[in-house]
Amino acid sequence: MTAAVDTGFSTESGSKRAERVRLFAQPVAVLVIVAVTLVSVFSSGLTATEKETLNASSLLTALWDHVLMTLVVTAIVVLVAVPLGVIVTRPWARFLAPIFLAIANIGQAAPALGVLVLWFIVTGATGGIWVAALPLAFYSLLPVLRNTMVGIQQVDPALIDAGRGIGMSAGAVLWRVELPAGRPADPGRPAHVAGAGGGHGDVRHVRQRGRVRAVDRHRLQAEPDLGAGHRLGAGGRAGAAGGLAGRGRRTVLRTEGAAMKLRRLALVALLGVTLSSCGLTVNQAVPYDIRPGSIQPIPSLQGLKVTVGSKDFTENIILAYMAEMALTAAGADVVDLSDIKGSNSSRQALLSGQTDVTWEYTGTGWINYQGNELPVPGGEKAQYEATAKADEEKFGVTWLNYSPLNDQYAFAVTEAYGAKNNLKTTSDLAAFIKKQPDQGVFCLETEFTSRQDGFPAAVKAYGFQNPTVKNFGIGTIYSAVASGTCPVGEVFTTDGRISGLNLRVLEDDKKAFPQYNAVATLRTEFIKAHPDLRGPLETVSAAITNEQMVELCKQVDVDGQDAGKVAHDWMVKKGFIK
């Protein structure tokens with residue numbers, strides 16, 4: 001008989017508890033050591049020369065000088081790096097970003113002592129606080145500048161669009177949307193997700209406040225090489241009637257005064273730098289007690305550490321949680337590293353070994369990672385087989401069996417508009433627009449407009465003539481269609497807002513768009529070493545369908561539920577766990 005094994009997720013992992021103990025113990029230990037040293041020194045016989053420096057007055061003066069130096073350097077860095085970070089994220093100044101990053105990198109690349117010595121040589125200075133404060137501030141610029149830029153650049157475009165949609169000026173959007181939403185968050189998360197040589201931010205939304213899928217989940221996004229930055233995903237619940245404009249308005253109304261917001265951004269950025277310099281990393285675990293159901297403990301997986309990653313949109317995060325719960329039920333020691341910003345970051349985390357499992361999509365693998373321009377003809381199986389074969393041969397990545405979950409591009413209209421004009425397929429739409437050209441208005445995300453597997457593929461397959469395109473952030477397209485701003489919009493077929501906003505997805509009857517079946521991927525060497533990982537993961541993969549995922553995403557994106565809870569309830573309902 002196999003002994004019972006407690007495979008439950010702990011609300012606080014052992015490593016996290018140890019980290020907190022260390023954070024408390026270190027300053028206490030320092031204070032104790034300092035106190036013992038001072039007592040020892042003052043109780044021993046000191047020479048007259050030693051008494052001149054080793055006395056309470058001299059030590060307090062030195063301590064104050066150190067505190068003053070820290071405050072001055074902090075003020076310089078925040079006053080220079082935060083405004084500069086804001087400026088170079090403006091569209092008219094983005095070309096300056098590489099220049100200032102290169103200058104700031106000089107300070108980081110050179111040893112701190114070397115910067116000080118060089119400053120002495122160049123200025124000929126002999127003393128004073130500024131002799132040390134200025135070179136130290138130069139040395140410290142990069143992390144704050146980089147995190148400010150990353151935080152602002154990764155603000156949900158849907159929120160910016162919503163702010164503009166309710167009449168805000170560019171300045172108001174900056175002060176009342178971008179700065180509050182762009183502040184770093186969760187500094188305890190690992191800041192090395194993208195591997196060596198620079199990286200991409202591991203960005204975690206605050207899950208209790210709902211999510212907006214604001215990036216194209218299928219693209220290999222070339223993120224700015226700015227290092228690890230963190231942000232809060234802003235926004236509250238997006239009800240079916242309110243849409244994203246309502247969410248943007250609520251976000252704006254909840255924000256505080258401009259001065260307080262800038263101060264908060266600067267302080268949190270500084271906190272992020274401080275924690276990074278301490279080298280803090282915290283392994284996150286899903287806070288649910290997972291007990292085996294139909295997925296039973298597997299002896300070979302007992303205690304095996306498996307890190308599960310995901311991209312930063314709702315569906316992929318839900319899939320990551322499902323994988324984590326399945327593997328935990330099977331006995332693995334699971335680490336959650338979901339919600340990584342961008343396809344490129346998520347992919348690099350897998351390739352570099354920072355994650356062991358991540359959910360991918362067959363079309364993404366074929367077009368983005370393999371560099372092909374057109375999908376494989378022949379349907380889901382043909383696309384999967386071609387992608388799996390190429391990725392294993394070229395990158396050493398194994399694709400497990402593909403899921404019936406196929407998250408494709410599609411066009412959508414409102415149910416009322418579709419019923420009135422008898423639109424069920426994209427061919428119906430093309431015929432309708434041919435008769436009524438003024439209705440050929442499409443709300444599209446910018447990249448979808450130009451990428452070969454996006455709108456150009458649809459135009460070629462269906463023969464849309466002289467279509468009018470309005471570019472929106474992907475998050476606002478759903479509400480734009482629902483409100484009648486555009487008759488037709490680009491959507492993802494498993495997005496929960498489809499049902500929440502009562503939209504009708506038109507069938508891609510000519511198969512213009514690639515197949516995007518979800519697949520659990522692992523490094524080939526890892527799955528070969530632990531082949532029993534395949535069972536729990538493929539069990540989940542085979543059970544999830546488009547219809548189910550639409551409802552799960554709706555619970556998160558529209559109803560505002562936590563993605564982890566939604567995944568847990570689904571796993572329990574399926575009987576996989578208890």
Side-chain angles (χ1 to χ4, degrees), residues 154 157 193-195 198-203 213-225 309-313 315-317 319-320 338-352 354-355 357-380 382-400 402-403 405-410 444-458 460 474 490-495 508 511-524:
Q154 295 180 352
V193 175
H200 306 272
D202 165 25
V203 181
R213 285 189 281 186
V215 293
D216 178 353
R217 83 270 319 265
H218 300 315
R219 72 192 180 203
L220 174 59
Q221 183 175 359
E223 303 284 352
D225 191 12
S310 85
K311 304 178 189 183
D312 61 343
F313 56 89
E315 175 190 299
N316 210 254
I317 293 167
L319 288 172
S338 59
D339 205 356
I340 300 172
K341 176 65 177 177
S343 293
N344 191 31
S345 300
S346 176
R347 171 74 167 185
Q348 290 304 316
L350 178 69
L351 295 179
S352 65
Q354 292 166 318
T355 59
V357 180
T358 191
W359 290 86
E360 273 297 351
Y361 300 89
T362 52
T364 303
W366 181 251
I367 292 173
N368 298 117
Y369 304 151
Q370 302 301 325
N372 299 291
E373 290 190 1
L374 298 175
V376 175
E380 295 180 353
Q383 181 67 79
Y384 160 75
E385 290 176 345
T387 302
K389 182 176 184 294
D391 213 22
E392 184 162 10
E393 291 176 352
K394 189 173 181 179
F395 294 106
V397 174
T398 294
W399 294 58
L400 304 187
Y402 69 94
S403 171
L405 174 63
N406 190 353
D407 187 7
Q408 292 180 282
Y409 289 122
L444 307 177
E445 192 266 343
T446 303
E447 184 173 334
F448 178 79
T449 305
S450 58
R451 59 182 286 167
Q452 290 304 307
D453 62 329
F455 195 56
K460 182 178 179 180
I474 186 63
E490 161 208 354
V491 297
F492 300 116
T493 54
T494 63
D495 197 298
D508 178 21
K511 309 300 181 187
F513 300 128
Q515 306 295 319
Y516 283 103
N517 292 86
V519 184
T521 63
L522 306 87
R523 293 184 310 285
T524 300

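Counting begins at 1 with the first residue of the sequence. Note that these values count all heavy atoms, side chains included, but never hydrogens, waters or copies made by symmetry.
The two residues G363 and P514 make their nearest non-hydrogen contact at CA-CB, 4.5 Å. Here the closest heavy-atom approach between residue L319 and residue A518 is recorded as CD1-CB, 4.1 Å. The nearest pair of heavy atoms linking V376 to A386 is CG2-CB, 3.8 Å. Counting all heavy atoms, side chain and backbone alike, Q370 lies closest to D391 at NE2-OD1, 2.9 Å. Minimum heavy-atom separation, L522 to L350: CA-CD1, 4.2 Å.
Note that the CD1 atom of I367 and the CG atom of L374 stand 7.5 Å from one another [nearest 0.5 Å]. For the atom pair CZ (R523) and OG (S352), the distance works out to 7.5 Å, reported to the nearest 0.5 Å. A distance of 10.5 Å separates CG in D339 from CZ in F313, rounded to the nearest 0.5 Å.
Put simply, the side chain of S338 never gets that close to the backbone of S310: no donor and acceptor are under 3.5 Å apart. N316 places a side-chain N or O within 3.5 Å of a backbone atom of W359 that can act as its donor or acceptor partner. Between the side chain of T362 and the main chain of Y384, no donor-acceptor pair closer than 3.5 Å is present. Checked by atom type and distance alone, the side chain of T521 never pairs as donor or acceptor with a backbone atom of W399 at under 3.5 Å. Between the side chain of N406 and the backbone N or O of Y516, at least one donor-acceptor pair lies under 3.5 Å. Counting only distance, with no hydrogens or angles, the side chain of E490 and the backbone of E445 share a donor-acceptor pair below 3.5 Å. The main-chain N or O of G379 is never found under 3.5 Å from a side-chain atom of Q515 such that the two would form a donor-acceptor pair.
The side-chain contact (heavy atoms from CB on, under 4.5 Å) test applied to D508 returns Y462, A512, F513, not counting sequence neighbours. Evaluation of the side chain to side chain donor-acceptor pair (under 3.5 Å) rule for K511 yields no partner, not counting sequence neighbours. For L351, the side-chain contact (heavy atoms from CB on, under 4.5 Å) test picks out R347, Q348, F395, V397, with sequence neighbours left out.
For the residue pair E360 and Y369, a side-chain donor N or O sits within less than 3.5 Å of a side-chain acceptor on the partner.
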- Message: As a quick check of understanding, evaluate side-chain contact (heavy atoms from CB on, under 4.5 Å) for I340 and T358, giving each step before the final call.
- Response: CA-CA 10 Å; I340 300 172; T358 191; over 6 Å; no
